[in-house]
Amino acid sequence: MPLSISRARPSPFLPAFRCARLGHLQKTPGCGVERDESRPEKYTLRSDAENSRPRQFTIDYKHELNPNQYEAVTTRNGPVLVLAGAGSGKTRTLVFRVARMIEEGVDPACLLLLTFTRRAAEEMIQRAEALMGGRCDKVTGGTFHSFANTVLRRYASLLGFANAFTILDRGDSEDAINLIRSSMGLNKKERRFPRKQTIAEIISLAANKMTSVAEVLDSQFPYLFPELDELSQIAEYYGQYKRERSLLDYDDLLTYLCELLRTHPDVAERLSHTYRYIMVDEYQDTNRLQAEIVRLLAHSHNNVMAVGDDAQSIYSFRGATVRNIFEFPDLFPDTKVIKLEENYRSTQPILDLSNEIIVQAKESYTKNLFTKKGSGFQPALIEADSVRHESRFVAQKILELREEGVPLTEMAVLFRASFHSFDLEIELIDRDLPFVKRGGFKFIETVHVKDVLAHLRVLANPQDTVSWHRALLLLEGVGPKSSDKILNHVLGGPEPLQRLAEYPGRGAVKNGVQKLAAVLQSVSDSSLSPREQVDLIMQYYLPILKRNYPDDREYSKRQKDLEQFLIITERYRSLNRLLSAIALEPPNSSVGNVLATDRDEEGVLTLSTIHSAKGREWHSVFIIWAVDGRFPTLRYKEDGEINEDELEEERRLMYVAATRAKENLFISYPINDIFDRATGMVLSKPSRFLEDIPHRILEPVFPIEEEDEDEDDWRQRRSRAW
């Protein structure tokens, strides 16, 4: 018989998503609930038999997942560390976990998925929506930086700066630092003070490692320690410069979010109760700041699932630290550790080699990758007589694989540093093998796209002096001094665009300033869409571009980039959203570079640094220049002492490269051409990560040349091409 009760305070043990179903309960932002005490209400208790009925799921999770994946998917509460080996289906695991929690009744708005690329977050949520029929639209997913941007747009005023801040990309940050460097008189040649790029890197590392400039110099730039006082001063002035102009760089987004969570407990509590289940992808790539943000966000519940692989931590140069994944159980006591070791990408011989490479690591979570795919070809270690012979071997083998039916798009050549592929590029061109190279400039870092963006940024934030200088220096007759003069006039009072139009210059300078003022005033019309605004700026800018690049090919290539940028702007409704999105998740490739090589029906071969190849896979992979002293580089030695942390990261880099291959893996090294000036030695041994691996796992191959081009002719050809 139903029992009539007057509602008292909801049980603290009742999950929030169940509380939300009680009549007359009002949901607060997030997943918390408030009581309506206006009147008692009747509530019907279910019978024990009804409560004990097993839940029916639309997905057969046990059938779709292997046992370890299933354990990760069905573990909902408390801290969980999922150690996902290469190719072990970590994305699938995260997708099914989102679906499972929603099927269990968790409000999708309570789920926060933090990744390192917007594309990864979007892919996961789209796949979860496909499983759940569109019930995942309220899941919050994105990068750490985009999440920080969203939160700070709401709460920035609590930290003393405007919510309508502008985000500086790395190039803009370097330009601002250079202005400060010059104003301090540190740009004189005789001083040989560090360049703006180095200073920006030092300041960035200090932020991401949550440490001081002095500690960064001590650990990574000891030769710059005599400049400590000036570098610390630049860092201080740079912070003031940004705050006065409502500018934030990438690192500020994380720094200020962390500060907000620490100094405003009410905001931290609100966010923690809103996001009751947090998942972090690629946790091995987080820095100290990101790990602290996760801890603060989860402080009220500790429902954090960190997914990552210590063996793939390769981004210390960005401030990431492998210590985060090792110390996760210390940060979150009672952590449940789940290992994903079944690989769905590679053959067992490739996995055997990968396991051998990483098993020698000084510190690691023990994992042994295996697959049910069966046998395959044994990886090969190729000793080439010279760099030239190595290039010829790789090119010839690529042609053979293509004849066997492997498309170029399913082949990749990987290398430790970008210059390692220079000789191979010449060989590929000679053999008419099209390729695209990854690991260079990003699309958004090209000069012409940054020029257009500068005009948009001064509209969004008239105090953005870096962008003002960039726009003004495009005018004929305007140099750094006259740019300063114009800018002082423009920012010397209200209505900067009007003041720009009234600038009392003469001749070509005045004419250029008035044209700039006219286009900015027309673009500032609030009724225009971002696409229409960019279109107007392009009409103004293209003649300038033509003047700077009179060669038709160069101009056409850059024009195509701008046309692609114009297409990108169509998806944004406001200028601020466009600028934030471009700064946080810029497009990766210059369209001109891709189109220039895309002339083969079956696509192009990929050349890539290993850092840029992470997360990708190919049927056949070549790793070149695997010679000790270049891979690992000699940088792991300092004053004759071995830096174990750097050496171990180099080992992980080799592991990442090897695990990109699905069917074929070829590792090569030249033995005669590479002279190291520091040691006075010719580098001729294979990488120390491969030297002692048994031949049954890594087969040695020694190519024999049937015909040989004259060495002097070859060197002249290579010199001309470079």
Side-chain angles (χ1 to χ4, degrees), residues 382 384 387-446 448-449 549 551-565 567 587-625 657 660-668 670 703 709 714 717-722:
I382 295 92
V387 173
R388 173 201 176 196
H389 288 175
E390 180 183 45
S391 298
R392 293 180 68 180
F393 166 80
V394 171
Q396 181 174 312
K397 196 65 185 176
I398 288 170
L399 288 169
E400 290 173 1
L401 288 168
R402 186 169 67 169
E403 288 298 315
E404 293 170 11
V406 182
L408 289 177
T409 51
E410 275 295 314
M411 289 185 266
V413 182
L414 308 182
F415 30 85
R416 175 65 183 83
S418 185
F419 72 89
H420 291 170
S421 71
F422 285 175
D423 187 77
L424 176 62
E425 291 172 40
I426 298 164
E427 190 69 31
L428 295 174
I429 291 169
D430 281 352
R431 295 179 185 242
D432 200 31
L433 279 167
F435 63 88
V436 62
K437 188 172 181 180
R438 306 293 182 191
F441 277 106
K442 290 185 177 179
F443 169 69
I444 213 65
E445 293 170 349
T446 54
H448 39 291
V449 176
Y549 298 97
D551 180 79
D552 287 341
R553 286 184 61 190
E554 288 294 315
Y555 172 77
S556 176
K557 177 180 170 183
R558 287 161 174 77
Q559 186 183 27
K560 286 177 182 175
D561 283 344
L562 293 175
E563 288 169 356
Q564 178 68 13
F565 179 55
I567 293 170
N588 285 324
S589 300
S590 166
V591 176
N593 286 340
V594 174
L595 292 179
T597 58
D598 190 11
R599 64 184 194 274
D600 193 310
E601 288 182 350
E602 58 179 339
V604 296
L605 172 75
T606 296
L607 308 186
S608 177
T609 62
I610 299 169
H611 285 100
S612 297
K614 188 171 177 291
R616 303 188 65 190
E617 58 186 45
W618 294 271
H619 177 280
S620 300
V621 169
F622 298 81
I623 304 172
I624 62 173
W625 276 52
R660 299 310 94 196
K662 293 191 282 188
E663 299 288 340
N664 294 318
L665 177 60
F666 306 94
I667 307 176
S668 59
E709 176 184 3
W714 169 77
R717 178 171 62 88
R718 183 172 67 168
S719 176
R720 286 196 301 272
W722 283 0

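Keep in mind that the numbers below use all heavy atoms, side chains included, and drop hydrogens, waters and symmetry copies.
Residues satisfying the side chain to side chain donor-acceptor pair (under 3.5 Å) criterion with R431, sequence neighbours excluded, are E427. The ring-ring contact (aromatic ring centres under 6.0 Å, His included) search around W625 returns F419, H420, not counting sequence neighbours. Contacts of K614 classified as side chain to side chain contact (heavy atoms under 4.5 Å, CB included), with partners at least two apart in sequence or in another chain: E282, Q284, D285, Q312, I314, Y315, V656. Considering only residues two or more places apart in sequence or on other chains, Q559 meets the side chain to side chain contact (heavy atoms under 4.5 Å, CB included) condition with L542, Y555, E563. T606 meets the side chain to side chain donor-acceptor pair (under 3.5 Å) test with no other residue; sequence neighbours excluded. Here E400 pairs with K397 under the salt bridge (Lys or Arg N to Asp or Glu O under 4.0 Å) rule; sequence neighbours left out. Residues meeting the ring-ring contact (aromatic ring centres under 6.0 Å, His included) test with F666, sequence neighbours left out: F622. By the side chain to side chain donor-acceptor pair (under 3.5 Å) test, E425 pairs with S421, K437, sequence neighbours left out. Listed by chain and residue number, nothing satisfies the side chain to side chain donor-acceptor pair (under 3.5 Å) test with S608 (two or more places apart in sequence, or in another chain).
Rounded to the nearest 0.5 Å, atoms CZ (R438) and OG1 (T609) are 11.0 Å apart. Note that CG of L399 and CG of D432 are 10.0 Å apart. Values are rounded to the nearest 0.5 Å. If you take CD1 on I429 and CZ on F435, they are separated by 4.5 Å, rounding to the nearest 0.5 Å. Atom CE of M411 sits about 7.5 Å away from atom CZ of R402, to the nearest 0.5 Å. In this structure, E617 CD and E663 CD are separated by 11.0 Å, a value rounded to the nearest 0.5 Å.
Exactly one residue among L433, V436, L428 makes a side-chain contact (heavy atoms from CB on, under 4.5 Å) with L605. That residue is L428.
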Please walk me through it: do V449 and L562 pass side chain to side chain contact (heavy atoms under 4.5 Å, CB included)?
-> CA-CA 6 Å; V449 176; L562 293 175; 4.2 Å; yes
When you look at L607 and V413, which way does the side chain to side chain contact (heavy atoms under 4.5 Å, CB included) test go after all the steps?
-> CA-CA 5 Å; L607 308 186; V413 182; 3.6 Å; yes
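In terms of heavy-atom proximity, A613 sits nearest to L414 at CB-CD2, 3.7 Å. Closest approach of S620 to V406, counting heavy atoms only: OG-CG1, 4.4 Å. In plain terms, the two heavy atoms of A657 and I623 that are nearest each other are CB-CD1, 3.6 Å. The shortest non-hydrogen separation linking W618 to T409 is CD1-O, 3.4 Å. Between S391 and D423, the closest heavy-atom pair is OG-OD2, 2.6 Å. In terms of heavy atoms, V394 sits closest to S668 at CG2-OG, 4.5 Å.
L408 has its side chain within reach of I398: a pair of non-hydrogen atoms, C-beta onward, lies under 4.5 Å apart.
With hydrogens and angles disregarded, no donor-acceptor distance shorter than 3.5 Å links the side chain of E390 to the backbone of A384. A donor-acceptor pair is defined here as one N or O able to donate and one able to accept, closer than 3.5 Å; such a pair exists between the side chain of R660 and the backbone of R616.
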